Trainee: 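I have a structure I would like to understand better, so I am pasting it below and will then ask my questions one at a time.
The analysis underlying the following values was restricted to heavy atoms, covering all of them including side chains, and did not include hydrogens, waters or symmetry mates. Only a predicted model underlies this, so the values are computations on that prediction, with no experimental measurement involved. Numbering of ligands and ligand atoms starts at 1, following listing order. Index from 1, following the sequence.
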Amino acid sequence: MKILGIDTSCDETAAAVVADGRDVLSNVVASQIEVHQEYGGVVPELASRKHIEAINYIVSRSLTEADVTFKDLEAIAVTNRPGLIGALLVGVAAAKSLAYCHNLPLLGINHVEGHIYANFMVHDALTFPHICLTVSGGHTLLVEVHEGWQYKVLGGTQDDAAGEVYDKVAKYLGLGFPGGKIIDDLAQKGDPAAIKFPRPMRNTDDYQFSFSGIKTSVRYFVEKARRAGLLVDSGQADVKPTNPDMVTIEDIAASFQAAVVDVLVYKSIRAAKATGAKAITLTGGVAANSQLRASLKIAATEIGAEVYYPPMNLCTDNGAMIAGIAYQKYQQGLRDALSLNATPNGSLV
Ligand code: KG4
Ligand code: ZN
């Protein structure tokens with residue numbers, strides 16, 4: 001059973017065809033990074049306009065690559081929540097028109113549910129219940145995932161999302177957008193213990209996160225070091241600073257990353273211990289982070305749990321995860337009317 005999945009929730013125009021919830025026949029993504037780069041973050045209005053330009057082509061390309069026509073499809077699924085409202089509306093309008101024209105059932109899907117489902121598409125050994133950490137530019141959510149796609153939300157961020165903080169810190173350091181991979185790469189050449197950035201909410205008795213304090217702390221540190229002429233530019237770390245008070249961009253990147261990863265890992269492990277889950281999944285763009293993957297693996301091994309993450313094209317925003325979870329929801333009887341609307345918020349349960 002083949003489903004077309006569409007996602008335009010943020011800055012990627014994505015469409016995919018997936019058979020039986022797991023067999024990815026095509027997964028096409030048009031990235032808008034170049035458009036938003038000069039602003040150091042996603043500009044919602046520009047995102048909507050770019051989606052309008054790309055959506056028809058991306059959908060038809062996803063069908064061509066999957067070697068199917070609309071006649072071969074059983075349903076059309078689209079992310080209708082949460083996300084940037086203008087961006088979501090483009091995907092929803094396209095999906096509704098196509099469902100109407102081709103007389104196909106329509107399913108509105110929660111974007112975060114798609115991210116959570118991504119691991120299930122590729123890991124046969126994944127068991128339930130498991131703990132899923134969704135970390136992206138827009139989300140930081142810790143969820144207990146049960147059989148039948150039932151969720152218990154354990155906690156989330158109270159302010160910035162993890163990826164958002166990476167992007168903002170990269171902006172302060174003049175490193176470009178998106179900042180996650182750039183900081184991840186620089187951090188590998190720096191000392192994670194060089195600067196002790198705060199770990200907000202690490203020891204609170206819950207599963208909540210707060211990242212804006214880390215961000216502000218890095219910002220003040222960078223400004224102070226810059227004013228004092230103590231900041232060593234990126235790529236200069238090998239040139240041994242003559243002054244022991246000097247700090248390299250690599251050290252700041254590594255120390256910042258250590259703070260973010262510490263909190264994410266600590267609370268994920270705490271959740272696994274409390275629930276007895278034997279598997280922890282990572283998903284969302286920040287799941288690509290090398291330190292997060294490595295630290296979580298070490299900590300999980302200590303409590304006898306497995307760590308899973310999807311390949312990069314299923315980690316970041318894509319249509320395949322939407323078509324995948326839609327298949328499961330279709331089996332459960334989900335059908336939406338053509339009055340389906342987009343909404344910027346939308347909780348999992
Ligand atoms: O899932 P995604 O593609 O889009 C959203 O739904 O936001 O995630 C993008 C986010 C960006 O904030 C980006 O900086 C971050 O994922 N990211 C990373 C890495 N690669 C991408 N963050 C940390 N380390 C990485 N290696
Ligand atoms: Zn996402």
Trainee: Which residue is it: Thr140, Asn203, Asp262, Thr204? I am looking for the one with a side-chain hydrogen bond (donor to acceptor under 3.5 Å, both in side chains) to Lys267.
Mentor: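 Of Thr140, Asn203, Asp262, Thr204, side-chain hydrogen bond (donor to acceptor under 3.5 Å, both in side chains) with Lys267 is met by Thr204 alone.
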
Trainee: Kindly indicate whether the side chain of Tyr151, heavy atoms from C-beta on, has any atom under 4.5 Å from the side chain of Glu113.
Mentor: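 SC-SC contact between Tyr151 and Glu113 confirmed.
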
Trainee: List ligand 1 atoms under 4.0 Å from Gly138, heavy atoms only on the residue side.
Mentor: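 Per the distance check, 7 (O).
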
Trainee: Give the contacting part of Asp167 toward ligand 1: side chain, backbone, both or neither, where contact means a heavy-atom distance below 4.0 Å.
Mentor: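 The side chain, only.
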
Trainee: Mark up the atoms of ligand 1 that fall under 4.0 Å of a heavy atom belonging to Thr316, in ascending order.
Mentor: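 Near Thr316, the atoms of ligand 1 are 1 (O), 3 (O).
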
Trainee: Under 3.5 Å, is there a donor-acceptor pair between the side chain of Arg81 and the main chain of Thr79?
Mentor: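 No: the side chain of Arg81 does not pair with the backbone of Thr79.
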
Trainee: Between Val286 and ligand 1, which part of the residue brings a heavy atom under 4.0 Å of the ligand: side chain, backbone, both or neither?
Mentor: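 Contact part for Val286 vs ligand 1: both backbone and side chain.
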
Trainee: Considering only NZ, NE, NH1 and NH2 on the basic side and carboxylate oxygens on the acidic side, decide whether Asp205 and Arg270 come within less than 4.0 Å.
Mentor: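 Salt bridge between Asp205 and Arg270, a charged N being under 4.0 Å from a carboxylate O: yes.
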
Trainee: Is the closest basic N to carboxylate O distance between Arg226 and Glu223 below 4.0 Å?
Mentor: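 Here Arg226 does not pair with Glu223 in a salt bridge, since their nearest N and O are not under 4.0 Å apart.
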
Trainee: Non-hydrogen atoms of Ala288 versus ligand 1: any pair closer than 4.0 Å?
Mentor: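 Distance cut 4.0 Å: Ala288 passes for ligand 1.
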
Trainee: Are the side chains of Tyr172 and Phe221 in touch, meaning some heavy atoms are under 4.5 Å apart?
Mentor: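 Result no, sub-4.5 Å side-chain heavy-atom pair not found.
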
Trainee: Is any NZ, NE, NH1 or NH2 atom of the basic residue among Asp167 and Lys171 found under 4.0 Å from an Asp or Glu carboxylate oxygen of the other?
Mentor: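 Salt bridge absent between Asp167 and Lys171.
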
Trainee: Give the intermediate values and the outcome of side chain to side chain donor-acceptor pair (under 3.5 Å) for residues Glu12 and Thr316.
Mentor: CA-CA 9 Å; Glu12 253 111 26; Thr316 50; 5.7 Å; no

Trainee: Quick one: give me the number of protein N/O/S atoms under 2.8 Å from the Zn ion (ligand 2).
Mentor: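 There are 3 of them.
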
Trainee: Is Glu45 salt-bridged to Arg49, going by a charged N under 4.0 Å from an acidic O?
Mentor: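 Judged by the 4.0 Å cut-off on N to carboxylate O distance, Glu45 and Arg49 do form a salt bridge.
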
Trainee: Given Ala170, Gly284, Gly180, which one has a non-hydrogen atom that is nearest to atom 19 (C) of ligand 1?
Mentor: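 That would be Gly180.
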
